[in-house]
Amino acid sequence: MSEEIITKKRVFSAIQPSGMLTLGNYLGALKNWKAMTEEFECIYAVADLHAITVRQEPSAFRKQLYNTCAVLLAIGLDPKDVTLFVQSHVAEHSQLSWLLSCYTQFGELSRMTQFKDKSAKHADNVNLGLFGYPTLMAADILLYQPDFVPVGADQKQHLELTRDVATRFNHIYGDVFKIPEPYIPKVGARVMSLQEPTAKMSKSDANVNAWVAILDKPEDIMRKFKKAVTDSENKICVGEGRDGINNLIGIYSAITGKTADEVAAEFENKGYGDFKTAVGEAVVEELRPVRESFDTFIADKKQLEDIYHEGAEKAEYYARRTVSKVMKKIGFVR
Ligand code: TYM
């Protein structure tokens, strides 16, 4: 390992391979995943173990795993610089999850808003995995001793729990875990539904016009933005309670790098129709190279498999080291 890699700060994050990835995933997390490779040592996982907390149809699940890996390469992650792997290929994730579950309180997990939301949505399948999901997520992160974890705002509470569990463990056994910092973008951290802008943009939304997939065709993206719900003020500026327009400004800012004030100035004498077209076009252009290179990556399954197998070997090196330290501290014999 080169001197340069050893001195770089480390980043870890993961994404579930459940359904199509959305513009929310892209702006909230994946854009930073790519940007952070310039400066940090980055380790990224496809969190397939997390995905089975809700029922997956086996063949669709397998297909989504390949699609997710291909999207990660299509956004520009280069396996020469980044460790990319599949969570279930590194057994230490499940192992550390069990160990940490004995240091996570029932009350803490009960307060997780994602658990409350998901258990309401899947009332017929409120399984133990759904409840313990944040402990698996804490294990994912802590195995790699990262400095930063790039995520969207919806994962902040899980990151706080991770920090609490790690701090508790360190308090008992000494400095075992590095306490990671969430890395949440200033804009784009919470992309909202285009149809119901008080709710998070989510791939599980039955209304396809509510969310934009990273791989959507340009004409579909344009249609969805043109249909986006706004209000009757016809004024392009951020305002309290103006959820629809605030969301569109946030998306446009996240892509162009312009501040909300600069966006307001740019569209001062324009109406919602022009603005929606501009946002749609910015999204189309941002995602165009991703969609185009996706086709090349998904066509070569063998290459995808080679990349994630090699990634798992590298990830395992860190994961084993952490689990062995944790077990020794707790008092397990070798
Ligand atoms: P997941 O798969 O739901 O989403 C992946 C990433 O996309 C972000 N995101 C959003 N950001 C902004 N606006 C949205 N509408 C939006 N929707 C999703 C998420 O915040 C996330 O960063 N539990 C995680 C996966 C995970 C993980 C981890 C993340 C498993 N282990 C360890 C970090 C570290 C999840 O379900 O993300």
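Numbering of ligands and ligand atoms starts at 1, following listing order. We count residues from 1, following the sequence as given.
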Polar contact flag, side-chain donor to acceptor under 3.5 angstrom, Asp205-Asn207: no
State whether Lys302 and Asp306 are salt-bridged, where the test is any N-O pair (Lys NZ or Arg NE/NH1/NH2 against Asp/Glu carboxylate O) under 4.0 Å. yes
Using 30° and 60° as the class boundaries, would you call the ring planes of Tyr144 and Tyr318 parallel, tilted or perpendicular? perpendicular
Using modelled atom types and a 3.5 Å cut-off, is there a donor and acceptor pairing between side-chain atoms of Ser253 and backbone atoms of Lys258? yes
Under the 3.5 angstrom rule, does the side chain of Asn246 hit a backbone N or O of Gly241 as a donor-acceptor pair? no
Protein N/O near ligand 1 N/O, under 3.5 Å, which pairs?
{"from": "ligand 1", "atom 1": "2 (O)", "to": "Gln16", "atom 2": "N", "distance (Å)": "2.8"}
{"from": "ligand 1", "atom 1": "4 (O)", "to": "Asn25", "atom 2": "ND2", "distance (Å)": "3.2"}
{"from": "ligand 1", "atom 1": "7 (O)", "to": "Asn25", "atom 2": "ND2", "distance (Å)": "3.0"}
{"from": "ligand 1", "atom 1": "11 (N)", "to": "Gly24", "atom 2": "O", "distance (Å)": "3.1"}
{"from": "ligand 1", "atom 1": "13 (N)", "to": "Val191", "atom 2": "N", "distance (Å)": "2.9"}
{"from": "ligand 1", "atom 1": "15 (N)", "to": "Val191", "atom 2": "O", "distance (Å)": "2.8"}
{"from": "ligand 1", "atom 1": "15 (N)", "to": "Met201", "atom 2": "O", "distance (Å)": "3.1"}
{"from": "ligand 1", "atom 1": "20 (O)", "to": "Gly152", "atom 2": "N", "distance (Å)": "2.8"}
{"from": "ligand 1", "atom 1": "20 (O)", "to": "Asp154", "atom 2": "OD1", "distance (Å)": "2.4"}
{"from": "ligand 1", "atom 1": "22 (O)", "to": "Gly152", "atom 2": "N", "distance (Å)": "3.1"}
{"from": "ligand 1", "atom 1": "23 (N)", "to": "Tyr133", "atom 2": "OH", "distance (Å)": "2.6"}
{"from": "ligand 1", "atom 1": "23 (N)", "to": "Gln155", "atom 2": "OE1", "distance (Å)": "3.2"}
{"from": "ligand 1", "atom 1": "31 (N)", "to": "Asp140", "atom 2": "OD2", "distance (Å)": "2.6"}
{"from": "ligand 1", "atom 1": "36 (O)", "to": "Gln16", "atom 2": "NE2", "distance (Å)": "2.7"}
{"from": "ligand 1", "atom 1": "36 (O)", "to": "Tyr133", "atom 2": "OH", "distance (Å)": "2.6"}

Give a yes or no on whether the backbone of Ala228 and the side-chain of Asn209 come within a donor-acceptor separation of less than 3.5 Å. no
